[in-house]
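Heads up, the thing below is written out as structure tokens.
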Amino acid sequence: IQRFKLQGEDFRGERYANHSHELKGNNDILVITRPDVIEDIHMQYLNGGADIIETNTFNGTTISQADYELQDPDEVFLINKSAAELAKKATAAYMAAHPGELKFVAGAVGPTNKTLSVSPSVENPAMRGITYDEVVDAYYGQLQGLYAGGVDLFLVETIFDTLNAKAAVYALEKFFADMGVRIPVFISGTIVDNSGRTLSGQTNEAFWNSISHAKPMAVGLNCALGATDMKKYIANLSACADCFVFCYPNAGLPNAMGGYDQKGPEMAEEIRPFCEENLVNAIGGCCGSTPDHIAAVAGGWTAGCGLRQHLWWQVHFWLVFWSEFECGICAL
């Protein structure tokens with residue numbers, strides 16, 4: 001999006017021309033005000049070799065949209081439905097032009113800008129900026145819009161607070177029960193630094209143990225780190241998760257200006273060990289990853305790599321705190 005050098009009027013369009021609040025930077029509403037830009041970006045990634053593209057809805061909840069005074073449920077529903085329809089339009093166009101190839105749309109469900117586990121006030125550790133029920137309701141509203149727009153799966157991503165993830169899982173289960181449907185769910189956590197822990201303090205193994213009851217089709221990690229730094233944590237997750245495992249790291253670490261200097265071929269080489277060691281079932285890119293990065297990863301050597309195998313044979317009894325504690329294991 002940054003490459004398009006959009007201005008304030010691009011974010012307002014006709015619908016929000018007289019909106020009372022500054023909207024520049026609210027990338028989610030571009031699916032309404034500049035759908036041509038978002039569709040173009042989707043097509044670039046599809047042409048680069050992406051098999052799954054995300055909807056442009058990372059901040060598509062009433063919680064996050066409140067920063068722009070767009071928290072009205074009808075507006076949030078429209079953002080998510082429009083984003084899903086736009087991504088599906090792009091995949092349909094690509095598949096029509098490339099018979100035999102299958103492309104999918106993941107409904108992106110971001111972490112929100114609130115945390116349920118950490119106080120926003122240093123003086124009051126018990127304080128919370130939001131309630132569990134409010135987060136559940138916000139996620140539920142987003143899911144309604146994404147599903148109405150036709151997404152193929154839900155991706156709960158960039159989870160820095162496991163309690164937020166559990167709220168998303170509860171919203172998903174409620175949505176599935178209410179609608180009488182079920183589509184695949186991917187869940188992706190994020191670790192804040194080389195400690196390997198989420199912002200709320202859990203290791204990636206403990207994170208998995210906390211959300212494994214949701215029975216996601218796939219679990220993974222994204223953002224925060226480049227591929228090299230993320231590899232050992234994906235190895236940990238791969239060793240304990242009994243579903244598919246994926247990873248979409250950043251294009252290295254940001255520079256002093258917040259940009260990313262790592263080029264596609266360099267990122268592809270850093271990702272190579274993930275595939276050669278059969279740690280993952282899917283790989284992608286997060287911050288700084290352009291269509292050129294995806295093309296570098298998708299092309300050439302990845303086609304010959306093996307896939308991680310499921311760990312169906314293990315039965316664990318775990319106690320989950322900030323770190324995992326294994327009480328017993330047996331083989332079936």
Side-chain angles (χ1 to χ4, degrees), residues 1 6-39 41-42 53-92 105-116 129-159 164-165 167-183 185:
I1 291 176
L6 301 178
Q7 303 302 312
E9 55 269 24
D10 293 301
F11 292 86
R12 290 185 172 275
E14 293 183 8
R15 184 176 183 86
Y16 305 115
N18 298 315
H19 189 66
S20 60
H21 202 81
E22 175 61 53
L23 295 177
K24 187 175 182 180
N26 186 3
N27 292 332
D28 294 43
I29 61 172
L30 292 173
V31 299
I32 298 171
T33 62
R34 288 298 305 270
D36 57 313
V37 169
I38 304 304
E39 184 178 0
I41 293 172
H42 283 322
I53 59 172
E54 294 185 45
T55 55
N56 184 43
T57 53
F58 187 80
N59 290 306
T61 60
T62 52
I63 296 169
S64 296
Q65 286 300 312
D67 286 350
Y68 302 96
E69 294 297 325
L70 284 176
Q71 67 270 32
D72 182 274
D74 290 338
E75 292 295 335
V76 172
F77 180 88
L78 178 64
I79 290 170
N80 285 281
K81 183 173 182 290
S82 299
E85 291 173 342
L86 199 57
K88 289 292 289 185
K89 177 184 176 183
T91 56
V105 172
V109 179
T112 80
N113 54 9
K114 301 288 186 179
T115 172
L116 286 167
I130 199 164
T131 68
Y132 182 87
D133 287 346
E134 287 172 334
V135 176
V136 169
D137 290 345
Y139 279 136
Y140 191 94
Q142 181 172 33
L143 299 174
Q144 288 178 309
L146 291 172
Y147 185 77
V151 297
D152 301 302
L153 61 104
F154 291 122
L155 171 60
V156 181
E157 66 167 338
T158 322
I159 294 297
N164 283 44
V169 166
Y170 183 84
L172 282 162
E173 290 303 317
K174 185 176 186 300
F175 177 79
F176 291 149
D178 290 348
M179 296 294 294
V181 300
R182 183 171 292 273
I183 64 175
V185 173

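Taking K88 as the reference, T91, V105, D152 meet the side-chain contact (heavy atoms from CB on, under 4.5 Å) condition, with sequence neighbours excluded. A search for salt bridge (Lys or Arg N to Asp or Glu O under 4.0 Å) contacts involving E39 returns K89, not counting sequence neighbours. In terms of the side-chain contact (heavy atoms from CB on, under 4.5 Å) criterion, residue partners of S64 (sequence neighbours excluded) are, by chain and number, N59, T61, T112, N113. For E22, the side-chain contact (heavy atoms from CB on, under 4.5 Å) partners are K24, not counting sequence neighbours. Evaluation of the side-chain contact (heavy atoms from CB on, under 4.5 Å) rule for D10 yields L6, Q7, R34 as partners, not counting sequence neighbours.
Taken from CG in L86 to CG in D36, the straight-line distance is 9.0 Å, to the nearest 0.5 Å. For the atom pair K114 NZ and E134 CD, the distance stands at 9.5 Å (nearest 0.5 Å). Here CZ of R15 is found 5.0 Å from CG of L78. Values are rounded to the nearest 0.5 Å. Between I38 atom CD1 and N56 atom CG the span is 4.0 Å, to the nearest 0.5 Å. Note: L30 CG to I41 CD1 = 8.0 Å, rounded to the nearest 0.5 Å. F154 CZ to T55 OG1: the interatomic distance, rounded to the nearest 0.5 Å, is 9.5 Å.
Around atom CZ of F176, more than 12 heavy atoms belonging to other residues, nucleotides or ligands sit under 6.0 Å away. Within 6.0 Å of atom CG in N18, 12 or fewer heavy atoms from other residues, nucleotides or ligands are found, so the atom counts as exposed in its surroundings.
Among all heavy-atom pairs drawn from A90 and H42, the shortest one is CB-CB, 3.7 Å. Nearest approach of A108 to L146, heavy atoms of both residues: O-CD1, 4.0 Å. In terms of heavy-atom proximity, F11 sits nearest to N27 at CE2-OD1, 3.6 Å. V136 and A171 make their closest contact through O-CB, 3.7 Å (heavy atoms, listed as atom of the first residue, atom of the second, distance). For V76 against G60, the heavy-atom pair with the smallest separation is CG1-O, 3.5 Å. Between L23 and L70 the shortest heavy-atom distance is CD2-CD1, 3.8 Å.
Here ring pair (Phe, Tyr, Trp, His ring centres under 6.0 Å) pairs that include residues 131-151, with residues two or more places apart or in two chains, are Y140-F175, Y147-F175.
The closest donor-acceptor contact from the side chain of N80 to the backbone of T57 lies at 3.5 Å or more, if one exists at all. Under the 3.5 Å distance criterion, the side-chain polar atoms of N164 are matched with a main-chain donor or acceptor of L116.
No side-chain donor from either of Q65 and D72 sits under 3.5 Å from a side-chain acceptor of the other.
In this pair, H21 and Y68 present their aromatic rings perpendicular. The plane angle is above 60°, beyond the 30 to 60° band.
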**Request:** Test side-chain contact (heavy atoms from CB on, under 4.5 Å) on I130 and V135 and set out the steps.
**Result:** CA-CA 7 Å; I130 199 164; V135 176; 3.7 Å; yes

